[in-house]
Amino acid sequence: MCGIVGYTGPQSAITPLIEGLRRLEYRGYDSAGIALGTPNKLFVEKRAGKLGNLEAALNATLPLTHSGIGHTRWATHGGPTDRNAHPHLDNEGKLAVIHNGIIENYTQLKAELIGRGHKFESETDTESVAHLLSDLRRSHGGDLSAAMREAVKSLRGSFTLLAIHADAPEVIVGVRRNSPLVVGLGKGENFLASDVAAFIDYTKRAVELGQDEVVTIRPDGIEITDLDGNAVKPKEYAITWDASAAQKGGYQHFMLKEIFEQPKAVADTLLGRLGKNNEILLDELHLTKEEVRSLKKIIVLACGTAYHAGMIAKYAIENWAKVAVEVEVASEFRYRDSVIDKDTLVIAISQSGETMDTLMALRHAKVEGAKILAVCNTNSSTIPRESDAVLYTHAGPEIAVASTKAFLTQVVAVYLIGLYLAQTRGVMDSDEVREIFDSMNELPAKIEQILETVEPLRELTRSFAKENSVLFLGRNVGFPVALEGALKLKELAYMHAEGFAGGELKHGPIALIEEGSLVIAVLPFGHEYGLDEKMLSNVQEVKARGAKVIVIAEEGAEVTGAAHTIRIPSAPALLQPILATVPLQVFAYEMAVARGNDVDQPRNLAKSVTVE
Ligand code: F6R
């Protein structure tokens with residue numbers, strides 16, 4: 001969701017601000033704006049729509065300044081208009097604020113501020129913060145950091161806020177609560193941003209901010225305090241990926257690049273995980289042998305694509321480690337009476353590590369006494385920080401809004417957890433673990449093989465560009481793959497798409513089938529469970545009612561009733577999602593291209609969903 005950047009230093013601020021916003025475009029937004037640190041009165045420009053609209057509005061009279069803040073907004077309170085775009089100003093036009101998140105008590109705040117004579121220009125919750133800060137800054141003798149500390153004490157909700165004032169334009173003040181903000185440390189210049197991608201061209205040194213910490217940046221240094229003004233020691237870390245990782249590298253879209261990065265991402269996530277005695281090495285789980293052995297239940301919490309990775313975790317962990325696994329959509333979890341105790345392990349899966357629904361669910365589980373393990377792709381993000389342990393996936397930066405390589409690495413991570421639990425609980429011996437691990441090690445080459453032969457699939461996909469609806473069917477681990485295929489297609493092609501368990505077809509969904517309906521059946525999960533034949537019966541059932549069926553099947557598997565068969569390499573059934581998902585990603589990608597949609601930033605979606 002909203003992207004935030006701040007810059008102070010020797011450069012003309014507009015360059016790092018616009019570049020930073022461009023790097024944050026993937027988060028999803030519908031308007032953009034900047035405030036430049038001009039003395040006396042800030043220079044502000046903001047526009048609804050894409051960043052290009054803002055750039056077009058920034059004409060040649062742009063002042064040369066060395067500080068500023070920039071924002072891409074994903075509308076919550078008030079539509080995506082020029083007026084509601086950030087920054088928002090105080091009535092003197094001297095103080096500007098940008099914001100990600102929601103100020104829950106803004107109505108009351110706004111009423112109080114209007115009572116004190118403030119005039120509001122927009123429908124946003126954010127504007128109330130600009131007016132509040134303006135008053136508080138005055139009462140703190142012009143100290144913007146002190147004003148921010150006091151303001152935040154009276155705010156409810158989740159937010160990242162940045163503020164700048166024309167009387168000291170080289171100073172930018174930021175704060176975060178349940179929403180991301182990182183500091184970039186440069187030479188004689190400093191940055192603030194929603195994530196490191198915004199300033200990666202300028203520095204590899206970053207500082208993470210804790211909850212309710214206020215940061216003040218100037219060209220020559222930064223200060224961090226808590227809300228009472230006590231100094232907090234900056235926690236610096238090095239950014240390990242370089243700018244090229246956040247660029248398209250010759251691909252037409254980030255999504256395509258990320259699909260093609262999957263062999264490496266899977267290999268990187270597996271790297272160094274098998275010890276010399278064939279044991280799975282996951283020291284970062286911080287679980288004692290006794291804790292693992294006394295585990296009674298695992299609850300997986302996640303949203304969207306990450307939830308589908310959680311569903312696959314259930315099949316793998318229950319099969320290998322013989323521990324009961326519940327999987328729940330994170331947004332539902334804390335609003336019911338779940339049964340949790342100290343023998344429950346909660347696994348929170350999140351690419352971004354900032355998803356508010358997942359964060360709130362894990363906090364709830366923590367209060368109830370569960371141990372929390374995060375599976376995350378983003379270093380030092382909020383979910384790992386608030387968990388007892390974290391297993392990082394090594395997908396690298398995922399820029400396209402629709403998740404691809406992050407999903408595959410999440411699935412690999414939960415396989416590793418399953419094998420680790422199985423070996424520690426004594427359910428599998430080291431030879432069995434080794435055998436599965438060896439099969440996992442073959443997956444990168446097999447994904448590569450699929451990617452080398454996607455052209456016919458792309459061509460086939462284009463022939464379906466005018467379809468209105470696609471149904472996806474799968475059984476066993478093919479069921480979450482079907483759900484993931486449908487989600488990708490909805491997101492990217494804006495088409496009606498549903499995934500069903502093959503067995504459920506006759507309990508309702510088959511009524512949707514009519515002459516010409518398009519169905520994709522995910523076949524290759526049955527052979528170890530005798531389900532292949534049942535899936536093929538499903539294929540026949542929909543075909544008999546006029547459907548065209550595309551079947552995803554392993555090489556060599558017998559397929560009947562399919563109009564088209566997409567072959568993928570064979571693998572043990574539980575590992576097949578890693579392979580079978582790839583053609584479905586390509587199908588959704590190509591469909592979006594064929595329909596002229598914005599592939600990397602599909603409408604209405606945000607990469608990092610930081611509101612509940
Ligand atoms: C789908 C997609 C979303 C995310 C979901 C959770 O392509 O990207 O469904 O999977 O919003 O996001 P994270 O993993 O960042 O918690």
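The residues of the chain are indexed from 1 along the displayed sequence. Remember, it's 1-based here, ligands and their atoms both numbered in the order they're listed.
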- request: Return each pair, listed once, that meets side-chain hydrogen bond (donor to acceptor under 3.5 Å, both in side chains) where at least one residue sits in residues 588-599; pairs must be two or more places apart or across chains.
  value: H253-Y589, R458-E590, R462-E590
- request: For the residue pair H71 and H86, categorise the inter-ring angle as parallel (less than 30°), tilted (30 to 60°) or perpendicular (more than 60°).
  value: parallel
query: Does G353 reach ligand 1 with a nitrogen or oxygen that is under 3.5 Å from one of the ligand's nitrogen or oxygen atoms?
result: no
Pairing of R567 and E554 as salt bridge, 4.0 angstrom limit: no
Subset of ligand 1 atoms that lie under 4.0 Å from at least one heavy atom of S350: 13 (P), 14 (O), 15 (O), 16 (O)
message: Less than 6.0 angstrom from the centroid, inside 45 degrees of the normal: does K204 satisfy that with respect to the ring of Y237?
response: no
message: Looking at ligand 1, would V401 count as a contact under a 4.0 Å heavy-atom criterion?
response: yes
task: Out of E484, M255, Q351, indicate the one that has the non-hydrogen atom closest to atom 14 (O) of ligand 1.
output: Q351
query: Given side chains that start at C-beta, do those of V481 and L483 come closer than 4.5 Å, heavy atoms only?
result: no
Ligand-residue contact atoms, ligand 1 with G304, heavy atoms, under 4.0 Å: 9 (O)
query: Going by the order shown, which atoms of ligand 1 are within less than 4.0 Å of some heavy atom of A306?
result: 10 (O), 14 (O)
task: Go through ligand 1 atom by atom and flag the ones less than 4.0 Å from a non-hydrogen atom of E491.
output: 1 (C), 2 (C), 7 (O)
field: Protein heavy-atom partner closest to atom 16 (O) of ligand 1 - residue, atom, separation in Å
entry: T355 OG1, 2.4 Å
statement: Interatomic distance, CG@D212 vs CZ@F159, rounded to 0.5 Å, equals 6.0 Å
- prompt: Does E354 approach ligand 1 within less than 4.0 angstrom via side chain, backbone, both or neither, non-hydrogen atoms only?
  reply: neither
query: What distance separates L161 CG from S179 OG, expressed to the nearest 0.5 Å?
result: 8.5 Å
Basic-acidic side-chain contact under 4.0 Å: K488, E484: yes
- request: Give the residue and atom name of whichever protein heavy atom lies nearest to atom 15 (O) of ligand 1, and the separation in Å to one decimal.
  value: S352 OG, 2.6 Å
- prompt: With distance as the sole criterion, is a donor-acceptor pair present between the side chains of T305 and S403 under 3.5 Å?
  reply: no
query: Do ligand 1 and K607 have nitrogen or oxygen atoms that lie under 3.5 Å from each other?
result: no
message: Among all the protein's non-hydrogen atoms, which is closest to atom 3 (C) of ligand 1, and how far away is it?
response: T305 N, 4.0 Å
List the atom pairs, with distances to 0.1 Å, where a side-chain N or O of residues 260-268 and a protein N or O form a donor-acceptor pair under 3.5 Å, not counting sequence neighbours.
residue : atom : partner : partner atom : Å
E261    : OE1  : K405    : NZ           : 2.7
E261    : OE2  : K257    : NZ           : 3.2
Q262    : OE1  : K405    : N            : 3.4
Q262    : OE1  : Q585    : NE2          : 3.1
Q262    : NE2  : I259    : O            : 3.1
Q262    : NE2  : Q585    : OE1          : 2.7
K264    : NZ   : D268    : OD2          : 2.7

- request: Specify the protein heavy atom at minimum distance from atom 11 (O) of ligand 1: its residue, its atom name, and the distance to 0.1 Å.
  value: V609 CG2, 4.1 Å
- line: So the atoms of ligand 1 within less than 4.0 Å of a heavy atom of K488 turn out to be 1 (C), 7 (O)
- line: Residue, atom and distance of the protein heavy atom nearest atom 6 (C) of ligand 1 read C303 O, 3.4 Å
